[in-house]
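Sequence lines set the chain letters: A, B, ... in the order given, protein chains first and strands last, and positions in each chain run from 1.
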Amino acid sequence: MVQTNSSLPSDFIRDIIEDDMKTNKYQGRVATRFPPEPNGYPHIGHAKSICLNFGIAAQYRGTCNLRMDDTDPTGESMEYVNAIIRDVKWLGFDWEERLYYASDYYEKLYQYALQLIKMGKAFVCSLSADEIRQYRGTFTEPGKESPYRNRTIEENLDLLERMRAGEFPDGTHVLRAKIDMASPNITMRDPVMYRIKKETHYRTGDAWCIYPMYDFAHCLSDSIEGITHSICTLEFENNRPLYDWFLDELEVEHQPQQIEFARLNLSYTIMSKRKLLELVERKLVNGWDDPRMPTISGMRRRGYTPEAIRSFCERIGVAKNDSIVDMALLEHCVREDLNERAPRVMAVLRPLRVVIDNYPEGRVEEFECPYHPKNTAMGSRKVPFSRELYIDADDFMENPPKKFYRLSTGREVRLRYGYFIKCVRAVKNERTGEVVELRCTYDPETRSGFAPDGRKVDATIHWVSALHALPAQVRLYDRLFRVADPLTKESDMTLSLDPKSLEILRSCQVEPSMAAAISGSLYQFERVGYFCVDSVDSSDKALVFNRTVTLRDAWAKITEKGK
RNA sequence: UGGGGGAUCGUUCAAUGGUAGGACAACGGACUCUGACUCCGUAUAUCCAGGUUCGAAUCCUGGUCUCCCAGCCA
């Protein structure tokens, strides 16, 4: 059972379900489904739907099916099916043996179509796609009936069979429901049920050359599976009368109800599968699992956890308002989870050499450093200390502003889990003026991290021993887009991509305990952020880390304000 | 323009005729061997105009804004 909070969530959909339970509408049964089309990788928006559907099923002791809504061979593939299966599983949900495919219902759906024809409720239309569009009318004008609308049942039956048999080329005929060309709801103006597509389907191969449309296939698939609450997004609200129409006309024994909620939008990213595909195909990102992508696989590679994503999906709630959730909330959920579970280690991203003049050459000490400041159960590791160290270049300033209380010439700081050191001199590159090395002294009395004379330091900084540290590459990931809503107006999203969304640091130094780091494992680099071992490019010989998310940074806010 | 939805702190979700509340963000403070975590505190909202009512975010009337629909996509 997946439940991040102790309190059960409540929302308008769960209210409907509780009403249905009270009135015994489905004999107390709750059955949902998550119905992705396998034409792209699932993203965080899908995660919202997954958590909703599986969450509801678990809460009401019902079931949730995983169903591939694969009614259009164009763009669908097994690669996507596998990605979907992997990601839903990874998120922590279980459909048991109920993995279904709309394509498995093709024969049943075809029989339903025949039935509709026999009832005089469907007909084969031989208008071109263009003509159908023209006949459909507009928002303000009613449509015109197709001249083929009154074909006899026998003729329709014959034509549909021949469509199925492959006698006609693409686009020459479609099967349409006979409803009402004057309906103010355009969805009801004799909608297309089947089209001819002589394309190989990734599962059914060439067995079919006619494929059912969403509106026809979806409601019947739900009915076949005994779905009680068919939860979908807002844009299908217009389709609900049609969803019901097929089920009513065919007098199916089980009639599910469709309920619509607002899809997730997240600031600083995009959720359109088409646009995401475009980023991948144009190589503007490094594949579907690029850590900057809002895909589940991208977030996994970035170091986000299923727990964090589930917690996020619970917190954002479920409603019918169009909204854009602040990315900061997702990041908060990630930090909240990682703060608890990530072992602390020290890593220096932009190394600045420090020489401790009064520390004996060749001497090495080891400090016992806990992996977590509050959870002692996480244990500790030994970190070597020697005369030459690296600290982060950010932790030294030659002319520090008032509120900077890290290292500067003449100032003393504490090395995390180590000694107090004082900077006596900054060595500069004569040409560039850049500080290339710090000469410091240490106070041997401060080994515990405290001074016996009670003096205090303003800052504690992280470090690694130059002799013992391991080289590593660190990839600094940030939000993909510079603007909160990259798809506004007709603007090209490409222009909003943030070129700084990935910065690769190739000369980082991490403490030696990281030699054993396992692929995908998560760490907090103390005072810097959360990082994970890249699951694709990292190896024992060449460590590669991805920045999952920065730590909250009060200092960054201060410097930001100064600007 | 016809039809279908939606409007509550900066953002998001609640309040189902009876004190407008939570989370994130922001700001201030405490604590701190992580400028982290944690803790405490502060400010900020009912789209507008009428009406019903002892009492309206909620009910009624009229407006305004906004999203979705004219794929042989889902």
Asker: Atom NZ of A:Lys275 to atom C1' of B:A74: distance rounded to whole Å?
Answerer: 17 Å

Asker: By the salt bridge (charged side-chain N to carboxylate O under 4.0 Å, His left out) test, which pairs, at least two apart or in different chains, include something from residues 166-183 of chain A?
Answerer: A:Arg162-A:Glu167

Asker: Taking B:A36 as the reference, what is the distance to B:A25 when you measure between their P atoms (whole Å, please)?
Answerer: 13 Å

Asker: Using a heavy-atom cut-off of 4.0 Å across all strands, would you classify A:Val174 as base, sugar-phosphate, or nothing?
Answerer: base

Asker: Would you list the atom pairs, donor with acceptor, under 3.5 Å between side chains in residues 451-458 of chain A and any protein atom, with sequence neighbours excluded?
Answerer:
{"unit_1": "A:Asp453", "atom_1": "OD1", "unit_2": "A:Arg455", "atom_2": "N", "d": "2.9"}
{"unit_1": "A:Asp453", "atom_1": "OD1", "unit_2": "A:Arg455", "atom_2": "NH1", "d": "3.4"}
{"unit_1": "A:Asp453", "atom_1": "OD2", "unit_2": "A:Arg455", "atom_2": "NH1", "d": "3.1"}
{"unit_1": "A:Arg455", "atom_1": "NE", "unit_2": "A:Glu412", "atom_2": "OE1", "d": "2.9"}
{"unit_1": "A:Arg455", "atom_1": "NH1", "unit_2": "A:Asp443", "atom_2": "OD2", "d": "3.2"}
{"unit_1": "A:Arg455", "atom_1": "NH2", "unit_2": "A:Glu412", "atom_2": "OE2", "d": "2.8"}
{"unit_1": "A:Arg455", "atom_1": "NH2", "unit_2": "A:Asp443", "atom_2": "OD2", "d": "2.8"}

Asker: Please report the distance separating the C1' of B:A15 from the corresponding atom of B:G2, rounded so that it comes out in whole Å.
Answerer: 35 Å

Asker: Can we say A:Glu225 and A:Arg67 salt-bridge, meaning some charged N sits less than 4.0 Å from an Asp/Glu carboxylate O?
Answerer: yes

Asker: Round to the nearest Å and state the distance from A:Lys320 atom NZ to B:C13 atom P.
Answerer: 13 Å

Asker: Name the orientation class of the two ring planes belonging to A:Phe545 and A:Tyr523 (parallel below 30°, tilted from 30 to 60°, perpendicular beyond 60°).
Answerer: perpendicular

Asker: Taking atom P of B:C73 as reference, at what distance in whole Å does atom CD1 of A:Ile210 sit?
Answerer: 14 Å

Asker: For A:Asp392, give me all partners under salt bridge (charged side-chain N to carboxylate O under 4.0 Å, His left out), at least two apart in sequence or on another chain.
Answerer: none

Asker: Can you run down the salt bridge (charged side-chain N to carboxylate O under 4.0 Å, His left out) pairs that involve residues 366-380 of chain A, sequence neighbours left out, and say none if there aren't any?
Answerer: A:Glu368-A:Lys382

Asker: Check whether the ring centres of A:Tyr214 and A:Phe236 lie less than 6.0 Å apart, and answer yes or no.
Answerer: yes

Asker: Is the gap between the ring centers of A:His201 and A:Tyr106 under 6.0 Å?
Answerer: yes

Asker: Check the distance between B:C73's P and A:His201's NE2 and give it to me in whole angstrom.
Answerer: 13 Å

Asker: Counting primed atoms plus P, OP1 and OP2 as sugar-phosphate and everything else as base, spell out the protein contacts along nucleotides 27-37 of chain B at 4.0 Å heavy-atom distance: B, S or - for each nucleotide, 5' to 3'.
Answerer: SS----BBBSB

Asker: In whole Å, what separates the P atom of B:G35 from that of B:G18?
Answerer: 49 Å

Asker: Check salt bridge (charged side-chain N to carboxylate O under 4.0 Å, His left out) between A:Arg195 and all other residues, then give those that pass, not counting sequence neighbours.
Answerer: A:Asp72

Asker: Using the 3.5 Å cut-off, write out each protein N or O paired with an N or O of nucleotides 8-11 of chain B and the distance between them.
Answerer:
{"unit_1": "B:U11", "atom_1": "O2'", "unit_2": "A:Ile324", "atom_2": "O", "d": "3.3"}

Asker: Counting only non-hydrogen atoms, which of residues 13-22 of chain A are less than 4.0 Å from RNA chain B?
Answerer: A:Asp15

Asker: Distances for protein N/O vs nucleotides 68-71 of chain B N/O pairs under 3.5 angstrom?
Answerer:
{"unit_1": "B:C68", "atom_1": "O2", "unit_2": "A:Asn238", "atom_2": "ND2", "d": "3.3"}
{"unit_1": "B:C69", "atom_1": "O4'", "unit_2": "A:Asn238", "atom_2": "ND2", "d": "3.2"}
{"unit_1": "B:A70", "atom_1": "O2'", "unit_2": "A:Arg136", "atom_2": "NE", "d": "3.4"}
{"unit_1": "B:G71", "atom_1": "OP2", "unit_2": "A:Arg133", "atom_2": "NE", "d": "3.2"}
{"unit_1": "B:G71", "atom_1": "OP2", "unit_2": "A:Arg136", "atom_2": "NH2", "d": "3.2"}

Asker: Need the glycosidic conformation of B:G71: syn if within 90° of 0, anti if not. Which one?
Answerer: syn

Asker: Could you work out the separation of B:A43 and B:A20 based on their P atoms and round it to a whole Å?
Answerer: 15 Å

Asker: Centroid separation under 6.0 Å, is that true for the rings of A:Tyr80 and A:Tyr41?
Answerer: yes

Asker: Tell me whether the NZ or CZ atom of A:Arg414 lies within the 45° cone about the ring axis of A:Phe450 and under 6.0 Å from its centre.
Answerer: yes

Asker: Expressed in whole Å, how much space separates the P atoms belonging to B:C69 and B:C27?
Answerer: 39 Å

Asker: May I ask you to check if A:Arg33 and A:Tyr100 form a cation-pi contact, with NZ or CZ under 6.0 angstrom from the six-membered ring centre and within 45° of the axis?
Answerer: no

Asker: How is A:Asn239 classified with respect to the nucleic acid when contacts are heavy atoms under 4.0 Å: base, sugar-phosphate, or nothing?
Answerer: base

Asker: Sticking with atom P, work out how far B:C65 lies from B:G21, rounded to a whole angstrom.
Answerer: 32 Å

Asker: Provide, to the nearest angstrom, the distance between the CG atom belonging to A:Asp11 and the P atom belonging to B:U16.
Answerer: 16 Å

Asker: Phosphate oxygens OP1/OP2 of B:A14: is one of them under 4.0 Å from a side-chain N or O of A:Ser10?
Answerer: no

Asker: On a whole-Å scale, what distance lies between the C1' atoms belonging to B:C48 and B:A7?
Answerer: 12 Å

Asker: Tell me: CZ of A:Phe216 to C1' of B:C73, nearest whole Å?
Answerer: 17 Å

Asker: Touch check for A:Val457, heavy atoms < 4.0 angstrom, all strands: base, sugar-phosphate only, or nothing?
Answerer: nothing

Asker: Suppose we call two aromatic rings close when their centres sit under 6.0 Å apart. Are A:Tyr148 and A:Phe123 close by that rule?
Answerer: no

Asker: I need the CZ-C1' distance between A:Arg315 and B:C13, as an integer number of Å.
Answerer: 12 Å

Asker: Toss me the dot-bracket line for RNA chain B: Watson-Crick and G-U wobble, both under 3.5 Å, 5' to 3', using | for pairs to another strand and [ ] for crossers.
Answerer: .((((((..((((....[..)))).(((((.......)))))....(((((..]....))))))))))).....

Asker: If the P atom of B:C67 is compared with that of B:U11, how far apart are they to the nearest Å?
Answerer: 16 Å

Asker: Is there any ring pair (Phe, Tyr, Trp, His ring centres under 6.0 Å) pair reaching into residues 313-341 of chain A, and which pairs are they, with sequence neighbours excluded?
Answerer: none

Asker: Just to be sure I understand the rule, does A:Ser128 reach a base, reach only the sugar-phosphate, or reach nothing, if contact means heavy atoms closer than 4.0 Å?
Answerer: base

Asker: Distance-only criterion, 3.5 Å: show the donor-acceptor pairs between side-chain atoms of residues 550-558 of chain A and protein atoms not counting sequence neighbours.
Answerer:
{"unit_1": "A:Thr550", "atom_1": "OG1", "unit_2": "A:Arg335", "atom_2": "NH2", "d": "3.4"}
{"unit_1": "A:Asp553", "atom_1": "OD1", "unit_2": "A:Trp555", "atom_2": "N", "d": "3.0"}
{"unit_1": "A:Asp553", "atom_1": "OD1", "unit_2": "A:Ala556", "atom_2": "N", "d": "3.0"}

Asker: Select from A:Leu127 and A:Leu329 the residue whose nearest nucleotide in RNA chain B is closer to the 5' end of that strand.
Answerer: A:Leu329

Asker: Could you give the CZ-to-C1' distance, from A:Arg263 to B:C67, as a whole number of Å?
Answerer: 12 Å

Asker: Could you go through A:Arg151 and A:Ser126, starting from their C-alpha distance and side-chain angles, then the distance that decides it, and tell me whether this counts as side-chain hydrogen bond (donor to acceptor under 3.5 Å, both in side chains)?
Answerer: CA-CA 11 Å; A:Arg151 289 217 251 232; A:Ser126 307; 2.4 Å; yes

Asker: Is the A:Phe385 ring parallel, tilted or perpendicular to the A:Trp463 ring (thresholds 30°, 60°)?
Answerer: perpendicular

Asker: Start with the C-alpha gap between A:Ser77 and A:Glu79, add the side-chain angles, then the distance that decides, and say whether side-chain hydrogen bond (donor to acceptor under 3.5 Å, both in side chains) holds.
Answerer: CA-CA 5 Å; A:Ser77 76; A:Glu79 180 197 350; 4.6 Å; no

